[in-house]
Amino acid sequence: MSRFIDELKRTHRCGELRPSDIGREVVLFGWVAHRRDFGGCIFIDLRDRTGLAQIVFDPTYQVPAEVARMAGATGELAPQAALEASHRLAEQVRREWVLGIRGVVIHRGEGNVNPKLPTGEVEVRVVEAEVFNRAETPPFALEDSINTDEEVRLQYRYLDLRRAPLQRTLELRHRMNQATRAYLSQEGCLELETPVLCKYTPGGARNFLVPSRLSLGKFYALAESPQLFKQLFMVAGFDRYFQIVKCFRDEDLRLDRQPEFTQIDVELSFCNQDEVFALMEGLLFRIFEETGVADLRALYPEGRFPRMSFADSMDRFGNDKPDLRFGLELCDLTDLVIAENGGGIPLLQGVAEKFASGEYRREMPAAIVKALVIPAAAGFSRPQLEAFEKGLREIKGFAGLARAKVGEGGVWTQSPFAKHVTEAFRTAVHAALGAKEGDVVCFQVGKPAVVNAAMSKLRLDVGKAMKLIPEFGHGGVWKLLWVVNPPLFDYDDETGRYEPAHHAFTRPVDEHVPWLDSDPGRVLCYRYDLVLNGFEIGGGSIRLHDPEVQQKVFSVLGIEEAAAKQMFGFVLDALRSGAPPPGGIAIGMDRLAMLLSGAATLREVIPFPKTNQGVDMMSGAPVAIEARQLEELGIRSIVAEGGNETR
RNA sequence: GGGGUGGUAGUUAAGUCGGUUAUAACGCCGGCCUGUCACGCCGGAGGCCGCGGGUUCGAGUCCCGUCCACCCCGCCA
């Protein structure tokens with residue numbers, strides 16, 4: 001039996017105390033953040049999730065008569081005896097011990113106020129105290145700002161989570177969740193649940209598999225998203241659905257990817273793209289508003305986010321998630337190279353000739369030429385410029401970056417192109433790029449995918465180096481946009497086949513449907529991504545509901561009717577049973593939380609995240625399972641104890 | 001699968017050209033201290049230098065392998 005739990009009860013949270021509480025008797029519970037022992041007087045910073053309160057143990061303190069008289073105030077000891085006992089207790093106390101204290105709120109006195117704390121004007125004179133629990137010395141300081149290795153922090157995640165920054169982040173997520181539920185519910189969406197244990201379907205992300213004990217030798221897949229089920233809700237007539245849902249993907253991880261993550265999943269019947277956008281724009285306004293992160297309405301007073309075509313985004317930024325917080329746009333010089341027949345530069349002449357001969361098609365080019373101008377104002381040294389190129393080598397297929405410094409009178413220096421380039425071409429390039437003397441022009445020639453990947457990374461690297469964007473976080477700037485109408489299919493060089501760029505149920509742009517037969521690579525679709533500061537925070541599509549077009553899409557993908565039935569049979573059947581035209585979207589809750597909180601990685605906004613290798617440093621999951629237990633599931637492992645394959 | 005960075009007291013780091021007993025700060029332990037709030041002062045303990053092998057009279061340092069973490073490419077509709 002604890003007097004503090006059973007009789008006294010907590011009256012305030014530590015971070016709540018203010019001068020208006022002066023004279024009150026309070027009961028606080030919390031953790032010892034700091035202890036400052038002066039022999040006589042002992043100060044302790046008591047911490048809970050709301051903040052710190054300074055509590056003072058002073059054996060000479062005279063307990064005011066009115067406090068001593070308060071109901072239940074004395075306990076078993078006389079007030080003065082309780083005071084002395086609590087001082088002796090405070091001498092033993094160490095950081096992270098868990099205490100309950102009863103005392104009187106007083107003003108700290110002139111000169112003793114700590115302006116750094118919200119509670120800094122007051123302190124609590126302790127009359128009575130109880131140690132709920134001792135604590136081992138933590139392996140790292142539980143302070144707001146630490147630079148302890150993440151590996152250690154993840155191992156003791158429950159301690160890391162005791163720190164204020166992470167507590168604030170998780171509270172932010174709570175508000176995001178609440179705002180989402182309130183808003184979408186108010187917009188007529190029903191919060192409905194979908195299975196986590198699903199049927200495995202090939203294609204897309206790798207699934208985590210779960211063996212079935214009741215059907216030996218068979219497996220469930222953990223849902224990589226509620227995609228198919230949410231469409232079935234539409235078929236069933238639920239009209240508008242949402243869910244804050246965990247998704248699972250067994251793919252390699254990045255700072256913005258975890259094997260299990262949370263989506264705000266939405267699906268609407270009878271909708272077009274504009275309605276999906278409007279609903280999501282409203283959601284984002286609401287989330288920003290209720291988290292107090294920024295006044296998004298002031299930034300987008302028309303109430304909508306800008307839109308950019310996928311083609312434009314690739315053209316100007318080299319990727320499908322442009323970071324609009326800074327300029328440094330890319331410039332496609334392919335047409336100029338063709339017009340100037342390579343401008344005297346042998347490498348470019350080769351490209352121009354292939355276009356001239358018809359070997360390369362301009363609308364689906366096998367090679368492009370792109371440039372980025374690094375302004376003279378950036379003042380990079382030659383080694384710094386070379387470091388940018390080095391950073392691009394990790395991109396598969398990257399063949400090298402050509403540079404030219406614009407010298408006096410526009411002449412190129414420090415460049416392999418300098419001695420070949422014609423003046424006409426140079427002048428035209430400068431005009432196209434807006435390059436001036438002292439600027440450095442970077443070129444890249446090659447396959448569009450490689451050039452775009454490299455140039456988009458170059459743009460970001462240069463932007464960071466020029467301090468146009470911070471290395472991590474948002475820099476207080478919020479640039480949202482929709483990237484719309486990407487190609488319906490990706491062409492796979494290796495298999496020589498088309499694959500769905502999104503999924504097989506995305507609706508093609510109506511005017512492009514005839515190209516499904518003739519030129520599938522050119523077919524664009526009603527897919528959209530929501531991009532915030534260079535991160536894809538959401539994506540979705542308008543779904544195909546025309547069985548004829550669906551059939552054509554399958555045939556482009558080389559999916560026979562039987563195979564389609566095998567893979568998606570229940571969905572195809574459902575779509576023939578009276579399906580409304582639906583569309584939907586999913587917002588990456590973790591990524592959004594990461595950006596809103598200014599966190600550097602997804603791990604900082606997930607309570608118990610996994611490492612890059614998908615390992616939970618705290619529990620050690622995943623772990624090996626005993627052969628006997630596998631036997632029950634009809635499984636035999638071919639991996640030895642140490643983790644190596646045995647054959 | 002590939003490329004890069006890192007791994008030294010509990011934590012964060014230093015450790016030169018391979019050379020004596022591996023440093024420092026913080027934390028921890030003991031002592032002193034009644035107005036601190038990163039309290040202060042005095043004293044002390046604390047090391048598988050990630051792990052395994054090799055070179056060498058001698059390895060934290062050089063070589064090979066390996067494990068772990070982080071960042072990136074591939075991959076992730």
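Every chain is numbered from 1, with letters handed out A, B, ... down the list of sequences.
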Between [atom2] of [N] and [atom1] of [X], the distance in whole Å:
X	N	atom1	atom2	answer
K610(A)	C70(B)	NZ	C1'	18 Å
N319(A)	C73(B)	CG	P	11 Å
Q613(A)	C70(B)	CD	P	8 Å
E251(A)	C72(B)	CD	P	16 Å
F43(A)	G40(B)	CZ	P	14 Å
Q155(A)	G7(B)	CD	P	18 Å
Q263(A)	C76(B)	CD	C1'	12 Å
F398(A)	G3(B)	CZ	P	18 Å

When you measure from the side chain of [X], which nucleotide among [options] comes out closest?
X	options	result
F38(A)	C33(B), C71(B), U11(B)	C33(B)
R36(A)	C37(B), C29(B), C72(B)	C37(B)
N147(A)	C70(B), U12(B), C37(B)	U12(B)
T611(A)	C70(B), C76(B), U36(B)	C70(B)
K457(A)	A69(B), C37(B), C72(B)	C72(B)
R95(A)	U34(B), C39(B), C28(B)	C28(B)
T148(A)	C70(B), C37(B), U11(B)	U11(B)
P139(A)	C37(B), C70(B), G10(B)	G10(B)

Looking at [X] and [N], is any side-chain donor or acceptor paired with a base atom of the opposite kind under 3.5 Å?
X	N	answer
R257(A)	C75(B)	yes
D58(A)	U34(B)	yes
D252(A)	G74(B)	yes

Under 3.5 Å on both distances, the Watson-Crick or G-U partner of [N]:
N	answer
G43(B)	C29(B)
G19(B)	C57(B)
A24(B)	U12(B)
G6(B)	C68(B)
U34(B)	none

Which part of the nucleic acid, if any, lies within reach of [X] when heavy atoms closer than 4.0 Å are counted: base, sugar-phosphate only, or nothing?
X	answer
R254(A)	base
E110(A)	nothing
R153(A)	nothing
Q54(A)	base
E143(A)	nothing
I42(A)	nothing
R108(A)	base
T601(A)	sugar-phosphate
E499(A)	nothing
T506(A)	nothing
D37(A)	base

[N] and [M]: how far apart are their [atom1] atoms, nearest whole angstrom?
N	M	atom1	answer
U61(B)	U8(B)	P	13 Å
C68(B)	C26(B)	P	35 Å
A24(B)	G4(B)	C1'	30 Å
G60(B)	G3(B)	P	29 Å
G10(B)	A45(B)	P	16 Å
C49(B)	A59(B)	C1'	11 Å
A13(B)	G7(B)	P	8 Å
U12(B)	G74(B)	C1'	35 Å

Please determine, by modelled atom types, if [X] and [Y] share a side-chain donor-acceptor pair under 3.5 angstrom.
X	Y	answer
Q231(A)	Q227(A)	yes
R36(A)	Q54(A)	yes
S86(A)	R88(A)	no
S225(A)	Q263(A)	no
N207(A)	E224(A)	yes
D265(A)	Y241(A)	yes

RNA chain B: V615(A) or D490(A), which has the more 5' nearest nucleotide?
V615(A)
Take A453(A) and G39(A), find for each the nucleotide of RNA chain B with the closest heavy atom, and name the residue whose nucleotide sits nearer the 5' end.
G39(A)
Should H34(A) be listed as having a side-chain N or O under 4.0 Å from OP1 or OP2 of C39(B)?
yes
Exactly one of R35(A), R47(A), R163(A) clears salt bridge (charged side-chain N to carboxylate O under 4.0 Å, His left out) with E96(A), and that residue is R47(A)
Would you call the rings of F229(A) and F570(A) parallel, tilted or perpendicular if under 30° counts as parallel and over 60° as perpendicular?
tilted
Using the test salt bridge (Lys or Arg N to Asp or Glu O under 4.0 Å), find all partners of R459(A) that sit at least two apart in sequence or belong to another chain.
none
I'd like to check, for F140(A), whether its ring lies over the base of U11(B) with centroids under 5.5 Å apart and a plane angle smaller than 30°.
no
Does the side chain of L602(A) come within less than 4.5 Å of P609(A)'s, by heavy atoms?
no
